[in-house]
Amino acid sequence: MNQVMDKLKQYPIVVVSVVVILVCAVSAFLRGSVVEELTRSEDDLTKRILTINTNSKNSKDLEQDVEAVVASVAVIEERLFDREERSINTDFFYSFEDRLDVLISDVSQLTTEDASLIKGGPNELKLYSGVSYNVKVSGSFQAILKFLYEIHRMEALMRVATFDVVEGESEGLLSANLRVVVLAQKE
Amino acid sequence: VLRSSISVMEERVLDSEAADRQSLKESERFRKSAQSVVELQRFFRVPFVAHELLAELAGLKPQDLIFTKVSFSDSVDKPKGKGAHMSYAIRIVGDVQELPVLAQFKEAVEASSFFNPEGFALDVDESIQRRDAQTGVTPFRVSISLSPETTPKKGGKK
């Protein structure tokens, strides 16, 4: 013990320095994990703030956009066919006779769906479905062209998927066999 | 210093969290609604509209060419290892007196921008049957096929 005291008296600065260094080292070791944790928290918060800022930037005018798209969806949905309303749907096609100079000889709702719109198809629909109709119509070239155009611009959402147009029995008359696909409610 | 910085940041997050949740909710509502519009676009995804197709054919048809049947059909192809895609076919049956008129029609179809929609490769093929010795009329068939293009077309905007 006396020897230690002698050394302390002999080299006071060195001994005090060693003690201070030791205390600092122990303190740094103990605080190291706390600093690390705080830094991690700071990083997480920085990321969160960045995300919030990005979300805020991206949501500029979002409310108006949502209202606009919701209104569009409402318009789409009120135009959908209900496949169970067979007589109403069939009459829809026959009603073209009242407005155009065509004769519609047959309208039949097909049980098979359009292959492009079903699961695995290139234009697969998940929210809606497509109902197909065979429509047989005859008239002049101009009248049939007008009929096709009317189908295209109808409020109901439909398109002519395939057609066959052949010369009719009377001169100047054509006969057309169409497959019309209509956007309908999901089954 | 670190603790005070963290506390300031936490306060900032807390203040903006309600607005952020609302933005996310709106964003989700937009995504769901937009899906309907995407489906509508998918439903109408075709290279031709029927009345425009017939009108275009009528416009390209030389006067001396007679069409007795025009048909338009689609088909779903599912090549191995690739996604399903649509192909389209137009078949024209008719009569012609002078065969060069048919060649002229074929060239007109090939050159028409209407029959060269983006993303599709066009193939026009004709077949000719035996000429009627008495009338001199030759029955013909023209097949116009559109299949998805495997490599993008060269050229484009200059």
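Letters go in sequence order (proteins before strands), and every chain restarts at 1. Values in this document were obtained by computation on a predicted structure and should not be read as measured data.
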Trainee: To check you understand the geometry: which heavy-atom pair defines the closest contact between Gly121(A) and Ala84(B), and what is its length?
Mentor: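 Smallest interatomic distance, heavy atoms only, reads C-CB, 4.4 Å.
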
Trainee: Would you mind checking which part of Ile76(A) comes under 4.5 Å of any heavy atom in chain B, side chain (CB onward), backbone (N, CA, C, O), both or neither?
Mentor: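 Only the side chain of Ile76(A) comes within 4.5 Å of chain B.
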
Trainee: State whether Phe43(B) and Arg159(A) meet the cation-pi test: NZ (Lys) or CZ (Arg) under 6.0 Å from the six-membered ring centroid, and within 45° of the perpendicular axis.
Mentor: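 Yes, cation above the ring, under 6.0 Å and within 45°.
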
Trainee: For Arg131(B), I'd like to know if atom CZ has over 12 heavy atoms of other residues, nucleotides or ligands within 6.0 Å.
Mentor: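 No, the 6.0 Å shell around CZ holds no more than 12 heavy atoms from other groups.
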
Trainee: Closest heavy-atom contact between Glu124(A) and Arg42(B)?
Mentor: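 So the minimum-distance heavy-atom pair works out to O-NH1, 2.6 Å.
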
Trainee: If you define the side chain from C-beta out and look only at heavy atoms, does anything of Arg48(A) sit under 4.5 Å from Asp20(B)?
Mentor: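 In short, these two side chains touch, coming nearer than 4.5 Å.
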
Trainee: With a 4.5 angstrom heavy-atom cut-off, could you sort out which part of Ala58(B) is near chain A: side chain, backbone, both or neither?
Mentor: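 Looking at Ala58(B), just its side chain touches chain A.
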
Trainee: With only heavy atoms counted, which part of Thr46(A) is less than 4.5 Å from chain B, the side chain, the backbone, both or neither?
Mentor: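 Contact with chain B: backbone and side chain both.
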
Trainee: Heavy atoms only: give me the nearest Val66(A)-Phe30(B) pair and the separation to one decimal.
Mentor: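 In terms of heavy atoms, the two residues are closest at CG2-CB, 3.7 Å.
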
Trainee: Answer whether the closest heavy-atom distance between the side chains of Leu40(B) and Tyr128(A) falls below 4.5 Å.
Mentor: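 Side chain of Leu40(B) against side chain of Tyr128(A), heavy atoms only: no contact under 4.5 Å found.
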
Trainee: So which residue, Val166(A), Leu174(A), Leu178(A), Thr51(A), ends up with the most heavy-atom pairs under 4.5 Å with chain B?
Mentor: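 The answer is Val166(A).
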
Trainee: Checking heavy atoms, do the side chain of Val182(A), its backbone, both or neither come under 4.5 Å from chain B?
Mentor: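 Interface part for Val182(A): backbone (N, CA, C, O).
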
Trainee: Can you name the closest pair of heavy atoms from Ala55(B) and Leu145(A) and give their distance?
Mentor: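 That closest heavy-atom pairing would be N-CD1, 4.0 Å.
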
Trainee: Can you see which heavy atom on Ser33(B) is nearest to which on Val73(A), and at what distance?
Mentor: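 Ser33(B) and Val73(A) have their closest heavy atoms at O-CG2, 3.2 Å.
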
Trainee: Tell me, for Asn177(A) versus chain B, whether the close heavy atoms (under 4.5 Å) come from the side chain, the backbone, both or neither.
Mentor: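 Nothing of Asn177(A), per the 4.5 Å heavy-atom cut-off to chain B.
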
Trainee: Can you tell which part of Thr68(B) gets under 4.5 Å to a heavy atom of chain A, answering side chain, backbone, both or neither?
Mentor: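 For Thr68(B), the contact with chain A is made by backbone and side chain together.
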
Trainee: Can you confirm whether more than 12 heavy atoms, excluding those of Tyr11(A), are under 6.0 Å from its OH atom?
Mentor: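 Open: at most 12 neighbouring heavy atoms sit under 6.0 Å from OH of Tyr11(A).
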
Trainee: What part of Leu117(A) gets closer than 4.5 Å to chain B, counting heavy atoms only: side chain, backbone, both or neither?
Mentor: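 For Leu117(A), the side chain is the part near chain B, not the backbone.
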
Trainee: Would a 4.5 Å heavy-atom cut-off, applied to side chains only, mark Phe72(B) and Val160(A) as touching?
Mentor: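 No, too far: nothing below the 4.5 Å cut-off.
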
Trainee: Between Phe147(A) and chain B, which part of the residue has a heavy atom less than 4.5 Å away: side chain, backbone, both or neither?
Mentor: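 Answer is neither: Phe147(A) stays 4.5 Å or more from chain B.
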
Trainee: So if you build clusters from Ile, Leu, Val, Met, Phe, Trp, Tyr with side-chain heavy-atom gaps below 4.5 Å, do Leu122(B) and Leu54(B) land together?
Mentor: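 Yes, Leu122(B) connects to Leu54(B) through the hydrophobic network.
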
Trainee: Specify which of Lys126(A), Arg179(A), Glu63(A), Glu77(A) makes the most heavy-atom pairs with chain B at under 4.5 Å.
Mentor: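 Greatest number of close heavy-atom pairs with chain B: Lys126(A).
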
Trainee: Can you tell me how far OG1 of Thr162(A) sits from CD1 of Ile90(B), rounded to the nearest 0.5 angstrom?
Mentor: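 Here the interatomic distance stands at 12.5 Å.
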
Trainee: Hydrophobic cluster membership, with links at side-chain heavy-atom distances under 4.5 Å among I/L/V/M/F/W/Y: are Leu100(A) and Val137(A) in one?
Mentor: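 Yes, Leu100(A) and Val137(A) fall within the same hydrophobic cluster.
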
Trainee: So which part of Phe67(B) gets closer than 4.5 Å to some heavy atom of chain A, the side chain, the backbone, both or neither?
Mentor: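 Answer is backbone: N, CA, C or O of Phe67(B) sit under 4.5 Å from chain A.
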
Trainee: If you measure from OG on Ser16(B) to CG on Asn53(A), what distance do you get to the nearest 0.5 Å?
Mentor: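 With rounding to 0.5 Å, OG (Ser16(B)) is 7.5 Å from CG (Asn53(A)).
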
Trainee: Could you check which of Leu125(A), Asn58(A), Thr39(A) has the highest count of heavy-atom pairs closer than 4.5 Å to chain B?
Mentor: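 Between Leu125(A), Asn58(A), Thr39(A), the count favours Leu125(A).
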
Trainee: Look at atom CD of Glu98(B) and say whether more than 12 heavy atoms of other residues, nucleotides or ligands are closer to it than 6.0 Å.
Mentor: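 Atom CD in Glu98(B) is not packed in, count stays at 12 or less.
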
Trainee: Looking at Ala50(B), Ser5(B), Ala34(B), which one has more heavy-atom pairs under 4.5 Å with chain A than the rest?
Mentor: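 Top option by heavy-atom pairs under 4.5 Å: Ala50(B).
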
Trainee: What option among Asp65(A), Ile151(A), Ile144(A) has the most heavy-atom pairs under 4.5 Å with chain B?
Mentor: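 Highest number of pairs under 4.5 Å: Asp65(A).
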
Trainee: Heavy-atom pairs under 4.5 Å with chain A: which of Arg31(B), Met86(B), Arg91(B), Gln41(B) has the most?
Mentor: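 Most heavy-atom pairs within the cutoff with chain A belong to Met86(B).
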
Trainee: Check whether any side-chain heavy atom of Ser59(A) lies under 4.5 Å from a side-chain heavy atom of Glu26(B), and answer yes or no.
Mentor: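 No - every pair of side-chain heavy atoms lies 4.5 Å or more apart.
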
Trainee: Check whether Val46(B) gets within reach of chain A through its side chain, its backbone, both or neither, counting any heavy atom under 4.5 Å.
Mentor: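 It is the side chain, since no backbone atom gets that close.
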
Trainee: Given that the side chain runs from C-beta out, which part of Glu10(B) has a heavy atom under 4.5 Å from chain A: side chain, backbone, both or neither?
Mentor: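 Looking at Glu10(B), backbone and side chain both touch chain A.
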
Trainee: Could you tell me whether the side chain of Tyr149(A) reaches within less than 4.5 Å of the side chain of Val49(B), counting heavy atoms only?
Mentor: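 SC-SC contact between Val49(B) and Tyr149(A) ruled out.
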
Trainee: Looking only at non-hydrogen atoms, find the nearest pair between Ser71(B) and Asp164(A) and report the distance.
Mentor: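 In terms of heavy atoms, the two residues are closest at CB-OD1, 2.7 Å.
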
Trainee: Among the options Lys69(B), Glu39(B), Lys32(B), pick out the one with the most heavy-atom pairs lying under 4.5 Å from chain A.
Mentor: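 Top option by heavy-atom pairs under 4.5 Å: Glu39(B).
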
Trainee: For Arg12(B), is it the side chain, the backbone, both or neither that has a heavy atom under 4.5 Å from a heavy atom of chain A?
Mentor: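 Looking at Arg12(B), just its side chain touches chain A.
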
Trainee: Pick from Val13(B), Val38(B), Val37(B), Leu53(B): which one has the most heavy-atom pairs with chain A under 4.5 Å?
Mentor: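 So the answer, after comparing Val13(B), Val38(B), Val37(B), Leu53(B), is Val13(B).
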
Trainee: Could you check which of Gly83(B), Ser27(B), Ser36(B) has the highest count of heavy-atom pairs closer than 4.5 Å to chain A?
Mentor: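 Winner by heavy-atom pair count: Ser36(B).
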
Trainee: For the interface with chain B, which of Asp44(A), Val70(A), Leu183(A), Asp114(A) has the highest count of heavy-atom pairs at distances below 4.5 Å?
Mentor: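 The candidate making the most pairs under 4.5 Å is Leu183(A).
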
